[in-house]
Amino acid sequence: NLGVIIIDEEHEAAYKSETVPRYHARETAIARGMLCGAHVVLGSATPSVESYDRAQQGQYRLFEMKERVSARPLPTVYTVDLREELRNGNRSILSDRLRKLMTDRLEKKEQIMLFLNRRGVAGFVSCRSCGEVMKCPHCDVSLSEHKGGRLICHYCGYTQPMPKLCPKCGSKYILGFKAGTQQIEEKLKELYPGVRTLRMDADTTRTKDSYEKILSSFANGEADVLIGTQMIVKGHDFPNVTLVGILAADLSLYVDHYRAAERTFSLLTQVVGRAGRGEKEGRAVIQTYTPRNDVILAAAEQDYDRFYDDEIRLRRLRRDPPFADHFTLTVTGPEEEPVRRACAQLCAALRQ
């Protein structure tokens with residue numbers, strides 16, 4: 001007697017199974033709802049582009065909540081240009097603005113969350129002076145850094161040597177992003193002796209209960225700063241958190257995947273939303289090498305419609321979902337030549 005299926009955070013990539021049997025929980029829920037006449041509710045502050053597009057086309061009904069709980073205001077968001085920081089002689093991962101706000105919050109005994117989006121970063125290369133990202137000339141996705149000083153496109157196989165100087169501005173500061181949560185924690189302890197920190201990443205959450213222990217310690221006020229990767233983003237409600245710092249917003253923006261912009265917007269919007277959930281006003285700092293990027297601008301304004309309008313135009317031009325489906329065919333065999341021949345035949349058959 002199934003009446004309703006609710007899928008919260010319907011945009012999450014985790015709903016897609018990467019192992020056999022391969023399925024998407026959202027699509028499965030919709031099919032199951034149709035089979036037994038049940039309602040399916042998809043909930044998200046940042047819906048997937050496909051779901052929102054279906055709502056725009058009238059295939060889904062759209063219900064909107066325009067205000068936060070208790071009509072609390074959204075955090076004030078500052079966007080910091082990391083290229084400007086470098087020009088001013090600041091080579092630290094913490095911008096001057098973020099450092100000043102952190103000092104203020106620590107003095108007031110309020111809590112801070114620092115987010116570093118390391119997950120899924122396949123070593124993209126960018127210029128620290130002008131923000132230029134090395135991209136594939138055919139696919140418009142970032143090239144990934146591989147051993148031996150080669151940059152490779154994971155979509156079409158295009159390859160080129162790692163440049164010594166930025167092709168746009170000639171700067172020598174062209175390299176992959178290397179900072180991690182551990183280095184940030186060390187830097188904080190150096191800047192603020194006595195600061196109480198908690199770190200949440202793949203290394204600190206290996207044991208069974210570690211995830212809950214870290215979150216409950218932070219909720220109980222046992223730490224001043226929580227530093228983490230994607231794990232700290234999800235719907236956590238800490239009333240004493242009044243400042244959120246996003247240390248390098250570009251990291252997920254240039255992952256070589258057509259959903260990079262969607263995932264970045266979703267992440268940034270959710271991280272910003274962790275600040276100011278109690279009575280105290282919230283602040284958020286987005287640090288980026290590309291402050292004029294449309295995704296960064298839309299996230300800073302918490303404006304989903306702006307993001308969707310830009311993204312759907314690009315998807316239409318590139319024939320990405322929802323305008324076409326992507327799929328991968330993998331051919332394997334013990335010897336390379338017969339596999340190569342089979343691939344060529346398969347390719348020719350598909351083209352026909």
Side-chain angles (χ1 to χ4, degrees), residues 7 10-32 34-35 47-54 56-57 59 119-126 132-163 167 176 251-266 295 308 310-352:
I7 299 204
E10 67 86 27
H11 61 274
E12 274 296 335
Y15 282 123
K16 185 179 177 184
S17 167
E18 297 295 346
T19 55
V20 178
R22 293 175 191 274
Y23 64 94
H24 198 300
R26 181 182 60 216
E27 308 306 323
T28 310
I30 290 163
R32 179 89 166 86
M34 287 170 77
L35 284 171
S48 63
V49 169
E50 289 92 328
S51 291
Y52 197 73
D53 188 61
R54 286 174 188 169
Q56 295 299 303
Q57 306 303 328
Q59 295 171 36
R119 188 169 160 194
V121 178
F124 80 90
V125 171
S126 67
E132 177 74 2
V133 174
M134 299 305 296
K135 286 187 174 185
C136 173
H138 312 296
C139 307
D140 198 40
V141 295
S142 65
L143 296 169
S144 295
E145 189 178 4
H146 284 252
K147 283 176 185 169
R150 303 295 296 172
L151 298 179
I152 298 173
C153 172
H154 288 169
Y155 270 47
C156 73
Y158 169 83
T159 176
Q160 69 172 64
M162 173 79 173
L251 281 183
S252 59
L253 196 53
Y254 299 111
V255 174
D256 54 349
H257 196 282
Y258 76 90
R259 286 196 193 276
E262 181 181 336
R263 288 174 182 167
T264 300
F265 176 81
S266 174
V295 177
Y308 170 80
D310 290 335
E311 182 65 10
I312 205 75
R313 277 200 297 271
L314 281 172
R315 297 268 184 109
R316 190 179 281 111
L317 281 170
R318 295 190 307 223
R319 300 281 299 148
D320 285 335
F323 301 102
D325 287 321
H326 288 183
F327 61 95
T328 305
L329 297 173
T330 307
V331 182
T332 60
E335 291 174 40
E336 190 175 345
E337 202 41 54
V339 169
R340 199 185 287 277
R341 280 201 303 274
C343 283
Q345 287 165 358
L346 193 55
C347 226
L350 281 169
R351 283 204 179 99
Q352 275 183 348

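Just so you know, these numbers use all the heavy atoms, side chains as well, and skip hydrogens, waters and symmetry mates.
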Could you list the donor-acceptor pairs under 3.5 angstrom formed between side-chain atoms of residues 16-23 and any protein atom two or more places apart in sequence or on another chain?
residue	atom	partner	partner atom	Å
S17	OG	T19	N	3.3
S17	OG	T19	O	2.8
S17	OG	P21	O	3.4
R22	NH1	E18	O	2.7

Show me the donor-acceptor pairs, under 3.5 Å and distance only, between side chains in residues 329-352 and residues at least two apart or in other chains.
residue	atom	partner	partner atom	Å
E336	OE2	R340	NH2	2.4

Taking salt bridge (Lys or Arg N to Asp or Glu O under 4.0 Å) as the definition, give me every residue that meets it alongside E262, ordered by chain and number, with sequence neighbours left out.
R259, R315
Could you tell me if the side chain of E12 sits less than 4.5 Å from the side chain of S48, heavy atoms only?
no
The criterion is side-chain hydrogen bond (donor to acceptor under 3.5 Å, both in side chains); which residues satisfy it with R150, sequence neighbours excluded?
T159
Considering only heavy atoms from C-beta outward, does the side chain of Y158 approach that of L143 to under 4.5 Å?
yes
Under the criterion side-chain contact (heavy atoms from CB on, under 4.5 Å), I'd like the reasoning laid out for T28 against Y15: C-alpha separation, chi angles, the key distance, then a yes or no.
CA-CA 10 Å; T28 310; Y15 282 123; over 6 Å; no
Applied to residues 320-334, the salt bridge (charged side-chain N to carboxylate O under 4.0 Å, His left out) test, sequence neighbours excluded, yields R318-D320
Hey, could you give me the SG/NE2 distance between C153 and H138, rounded to the nearest 0.5 Å?
8.0 Å
Could you tell me which residues satisfy side-chain hydrogen bond (donor to acceptor under 3.5 Å, both in side chains) with E27, sequence neighbours excluded, listed by chain and number?
none
Non-neighbouring partners of H24 that pass ring pair (Phe, Tyr, Trp, His ring centres under 6.0 Å), sequence neighbours left out
none
Once you round to the nearest 0.5 Å, how far does NE2 of H257 lie from CZ of R263?
5.0 Å
Just do the side-chain contact (heavy atoms from CB on, under 4.5 Å) check on V295 and L253 with the steps written out, would you?
CA-CA 8 Å; V295 177; L253 196 53; 4.0 Å; yes
How would you list, by chain and number, every residue that makes a side-chain hydrogen bond (donor to acceptor under 3.5 Å, both in side chains) with R54, sequence neighbours excluded?
Y60
Mark yes or no for whether E311, through its side chain, and A261, through its backbone, hold a donor-acceptor pair below 3.5 Å.
no
How long is the straight-line distance from CD of E50 back to CD of E10, given to the nearest 0.5 Å?
9.0 Å
For residues 325-352, the ring-ring contact (aromatic ring centres under 6.0 Å, His included) pairs (sequence neighbours left out) are Y258-H326
Whether the side chain of S126 engages the backbone of V133 through a donor-acceptor N/O pair (distance < 3.5 Å, no angle test) should be reported.
no
Identify, with sequence neighbours excluded, every residue that meets side-chain hydrogen bond (donor to acceptor under 3.5 Å, both in side chains) alongside Y308.
D53
Whether the side chain of R319 engages the backbone of A324 through a donor-acceptor N/O pair (distance < 3.5 Å, no angle test) should be reported.
no
Calculate, to the nearest 0.5 Å, the distance between atoms CG and SG belonging to L151 and C136 respectively.
11.0 Å
With side-chain contact (heavy atoms from CB on, under 4.5 Å) as the criterion, how do S51 and R26 come out once you've worked through the C-alpha distance, each side chain's angles and the decisive distance to 0.1 Å?
CA-CA 10 Å; S51 291; R26 181 182 60 216; 3.8 Å; yes
